[in-house]
Amino acid sequence: MFMKLTTVLEEKVKEAVQSIFGQELPAVEFQPTRKDFEGDITVVVFPMLRVVKGNPVAIGTQIGEYLVENVEEVAKFNVVKGFLNLVVSDAYYINFFKSILAVEQFGYAPANSKDAVMVEYSSPNTNKPLHLGHIRNNLLGYSVAEILKAAGHKVYKTQIINDRGIHICKSMLAWQKFGKGETPDSSGLKGDHLVGKYYVAFDKVYKAQIAELISAGKTKEEAEKEAPILLEAQEMLRKWEAGDAQVVELWKMMNGWVYKGFDTTYENLGVDFNQLYYESDTYLLGRDVVQDGLEKGVFFKKEDGSVWIDLTEDGLDEKIVLRSDGTAVYMTQDIGTAIQRVTDFPDINGMVYTVGNEQDYHFKVLFLILKKLGYSWADKLYHLSYGMVDLPSGKMKSREGTVVDADDLIQNMEDTAAEISQELGKLDGYSDTEKQALYRTIGLGALKYYILKVDPKKRILFNPEESVDFQGNTGPFIQYTYARIQSILRKANELNLDLTVAVTSVHPKEKELLKQLELFPNKVQEAAENHSPALVANYVYDLVKEFNSFYQQVSILGEEDTQIKAFRVNLSKKVADVIKDAFLLLGIHVPVRM
RNA sequence: GGUCGCGUAGCUCAGCUGGAUAGAGCAUCUGCCUUCUAAGCAGACGGUCGAAGGUUCGAAUCCUUCCGCGAUCACCA
């Protein structure tokens, strides 16, 4: 049975301290040995000084001697200041490699070994197409879901589609007024883009009317409230809520166009969902829960009939949960929807909400309310809060047309990938269809990696003028390394090598690779705990850099010793597998050639 | 104003549950393709980790204050 190095060493270091100093050590601190010193893993002596009094160098030396003597995995040691650097035997790493060689998706935890979690992401409004901000949201949500899966959770991906409200009525009204019956078919426009066009058209008229009212003597505020086209849209919303047949029919038709458009974008992006929720079904939810909470004393009623929660003791404010006319606010819906989901999927114990950091406060309050209402799963709710994507010109605004459209961006990335590929000209023998698929893979790889490698909570400044890089710390660089390994594997396959691992020592570059591989399982868990695809991205990058260095320095197929050659082929294959499996967690595919 | 987040090389980012001389990529410069894919490798250049205090044997990392940027504090979503 193969044991993890730190597990073995923790035990043995404690044993050493017990045997030499007669003291009980609560914990042992490890870190990878820095490149400038000899060693593979380092024990930090300083924290031990609380238990063992004395000179850190002397203590480190004595422990080092004990380990070399009593632990077969430890070959040598040296002590620098309070750092005990251990050289781990080649045999350990070879054994490690043998233990993972046949493991499918090494690093992934057994499926469904942990609680089920629901991950919500995307959740767009249906009045306009998706843009770069949605792309970040989608990539993050999808990736975190995949990471949670790999960490052993059962995962349900979901989204709540904001299909009702004043925003969609604006598009509907404008279409009714100026659309002349235009449809996606008649216009050749993608459905979501067509509806978005009328959202912009609405805003144009609205703005003009405001200007007119202001020049007629109204204040800006009055004008914004009284513009006739806005009043019409509000009237349309009232009709929708009353179930007016014509309005509902128009609403269904235009939403249908939008869904078709979204489906295409989702498919191009490579994201998917297990369960969809529609706001038109859920916007009335939560009101009975409020009633319930009133009885429990979680909420209180003001004289005008509105219902509130007092969160001042928790450092927050008072928050409304039901309007004085008894209708639901956003918070009410979210309370209801959360409960609905747990009812629909009784096995879930925890939810992840992928929503921008502008809603930090909202989710803080939502989670607190659910907790006060006494739901056991309220502690397992997580707001995956991410920073906005800004342009050099500032914030993106759909109404003003200053957005980077999702479909356009995906297309641009694909085009850039095509240009670069054609310049490099390595695709002889590929059909046009194969080439096109490859350009898509690379272009999306560049985009996804570019966005996911950044810590979610940081904002991203996206400059459309400077295209996303394809060199250095990028998706294509990593894909390229994968393709490079595949090329070797194809050639190795023709050689009919005996692929039994029979080596007894390893090259320093091989050792570095093995150390890097050993980190992967923990990295997956860490990424899951932190809800951070960036950790996975940075890990693969390190692995790939290490591989390229190895590749450049030692010959794989040119190696004369057949055992070493076989080992290097095996090692390369495993590295490729991990690249592939890690990239899968980011929703990025890898090509066999590029 | 209250609350939350961010501030690391010219630019984009790692490192942040405290540990050795703060790491990558881009850009600039130098080498390396008759040898497994040069979207690569090796190297050079580049830093008062926003500022000041504090805790500690040890601080980019933890605490306090301040500065800068952003978000939020609606009977909007």
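In what follows, every heavy atom counts, from backbone to side chain, and hydrogens, waters and symmetry copies are set aside. The sequence lines fix the lettering, A, B, ..., with proteins before strands; numbering per chain opens at 1.
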May I ask you to say what A:Val544 touches in the nucleic acid, namely base, sugar-phosphate or nothing, with a heavy-atom cut-off under 4.0 Å? nothing
Applying a 4.0 Å non-hydrogen cut-off, can you work out what A:Arg164 is touching in the nucleic acid: base, sugar-phosphate, or nothing? nothing
Donor-acceptor pair, A:His167 side chain versus A:Arg164 backbone, under 3.5 Å? yes
Considering only the P atoms, how many Å lie between B:C4 and B:C63, rounded to the nearest integer? 12 Å
Base, sugar-phosphate, or nothing for A:Val43, non-hydrogen atoms under 4.0 angstrom? nothing
Check the distance between B:U8's P and A:Asp455's CG and give it to me in whole angstrom. 13 Å
Is A:Gln31 side chain donor-acceptor paired with the B:A20 base, going by distance under 3.5 Å alone? yes
Under 3.5 Å, sequence neighbours excluded: what are the donor-acceptor pairs made by side chains of residues 484-491 of chain A?
from, atom 1, to, atom 2, distance (Å)
A:Arg484, NH1, A:Asn548, OD1, 2.5
A:Gln486, NE2, A:Tyr482, OH, 3.4
A:Arg490, NH1, A:Val592, O, 3.2

Applying a 4.0 Å non-hydrogen cut-off, can you work out what A:Lys426 is touching in the nucleic acid: base, sugar-phosphate, or nothing? base
Does the structure show a Watson-Crick or G-U wobble partner for B:C13, both distances under 3.5 Å? Name it, or say none. B:G23
Spell out yes or no: do the side chain of A:Thr42 and the base of B:A20 have one donor N/O and one acceptor N/O closer than 3.5 Å? yes
Passing option when A:Tyr439 is tested against A:Glu434, A:Gln422, A:Met594 for side-chain contact (heavy atoms from CB on, under 4.5 Å): A:Gln422
Check the geometry between A:Phe46 and B:G19 and answer yes if their rings are stacked (centres below 5.5 Å, planes below 30°), otherwise no. yes
Using a cut-off of 4.0 Å on non-hydrogen atoms, how would the nucleic acid contact of A:Thr327 be classed: base, sugar-phosphate, or nothing? nothing
Is it the case that B:A20 (base atoms only) and A:Asn85 (side chain only) share a donor and an acceptor within less than 3.5 Å, ignoring hydrogens and angles? yes
Check every strand shown and say whether A:Ile478 touches a base, only sugar-phosphate, or nothing at a heavy-atom separation below 4.0 Å. nothing
Would you call the rings of A:Trp240 and A:Tyr283 parallel, tilted or perpendicular if under 30° counts as parallel and over 60° as perpendicular? tilted
So that I can tick it off, tell me whether A:Glu318 and A:Lys302 are bridged by a salt bridge, with the cut-off set at under 4.0 angstrom between side-chain N and carboxylate O. yes
Between A:Trp308 and A:Lys453, the residue closer to the 5' end of RNA chain B by nearest nucleotide is A:Lys453
Looking at B:G40 and A:Tyr480: do their rings stack (centroid distance under 5.5 Å, interplanar angle under 30°)? no
Pair of N/O donor and acceptor under 3.5 Å linking B:A39 base with A:Ser421 side chain: yes
Just one of A:Thr126, A:Asp163, A:Asn162 clears the side-chain contact (heavy atoms from CB on, under 4.5 Å) bar with A:Ser280, so which one? A:Asp163
Heavy-atom nearest nucleotide on RNA chain B taken for A:Ile485 and for A:Asp325; more 5' hit belongs to A:Ile485
Face-to-face contact A:Phe83 to B:A20 six-ring, under 5.5 Å, under 30°: yes
What's A:Pro56 touching, base or sugar-phosphate or nothing? Going by heavy atoms closer than 4.0 Å. nothing
Base, sugar-phosphate alone, or nothing: which one does A:Glu29 contact when heavy atoms must sit under 4.0 Å apart? base
Where the side chain of A:Asp360 is defined as all heavy atoms beyond and including C-beta, which of B:C4, B:A20, B:A38 is the nearest nucleotide? B:C4
Anti/syn call for B:C32, syn if |chi| within 90°: anti
Whole angstrom is fine here: how far is it from CE in A:Met413 over to C1' in B:A39? 13 Å
Touch class at under 4.0 angstrom, heavy-atom based, for A:Ile488 against every strand present: sugar-phosphate
When all nucleic acid strands are considered with a 4.0 Å heavy-atom cut-off, which category describes A:Gln359: base, sugar-phosphate, or nothing? base
